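Notes follow once the structure below has been shown.
This one's a predicted model, so the numbers in the text were calculated from it and none came from an experiment. Values reported hereafter were calculated over all heavy atoms of this structure, with side chains retained and with hydrogens, waters and symmetry mates removed.
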Amino acid sequence: MRYYDRAAIVRCVQRSRATWRGEVMTLAVRLSQGWIELPDGWQLAGIQFSSLDAA
């Protein structure tokens with residue numbers, strides 16, 4: 001996580017595994033979030049998901 005004046009950028013990799021109709025599915029994505037600090041607290045300003053190879 002990186003902090004800027006009243007803003008933060010969060011980046012991570014999310015790996016998921018699920019079963020649907022008996023078939024196992026895997027998914028890996030890179031997740032980027034932009035957050036801003038407001039008087040009431042932190043608010044998500046933007047989000048992006050980018051597919052990665054499941055391996």
Side-chain angles (χ1 to χ4, degrees):
M1 181 181 303
R2 294 184 184 191
Y3 287 100
Y4 299 93
D5 188 32
R6 302 189 189 283
I9 298 171
V10 179
R11 288 189 243 156
C12 65
V13 173
Q14 177 181 329
R15 298 183 194 283
S16 303
R17 181 182 168 132
T19 303
W20 185 67
R21 294 187 177 182
E23 184 175 338
V24 175
M25 298 181 294
T26 58
L27 177 67
V29 296
R30 179 177 293 120
L31 173 61
S32 299
Q33 300 173 345
W35 291 83
I36 56 172
E37 187 178 20
L38 300 175
D40 293 343
W42 287 90
Q43 180 176 334
L44 182 63
I47 191 167
Q48 178 182 350
F49 294 89
S50 301
S51 297
L52 299 173
D53 289 337

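In this structure R17 satisfies the side chain to side chain contact (heavy atoms under 4.5 Å, CB included) test together with V24, T26, sequence neighbours excluded. Partners of S51 according to the side chain to side chain contact (heavy atoms under 4.5 Å, CB included) rule, which considers only residues two or more places apart in sequence or in another chain, do not exist here. Contacts of T19 classified as side-chain hydrogen bond (donor to acceptor under 3.5 Å, both in side chains), with partners at least two apart in sequence or in another chain: none. With sequence neighbours excluded, the residues forming a side-chain hydrogen bond (donor to acceptor under 3.5 Å, both in side chains) with Q14 are S16, listed by chain and number.
Nearest approach of L31 to F49, heavy atoms of both residues: CD1-CE2, 3.3 Å. Between W20 and M25, the shortest heavy-atom distance links the atoms CB-CE, 3.4 Å.
Members clustered with I36: L38, by chain and number, using a 4.5 Å side-chain heavy-atom cutoff among hydrophobic residues.
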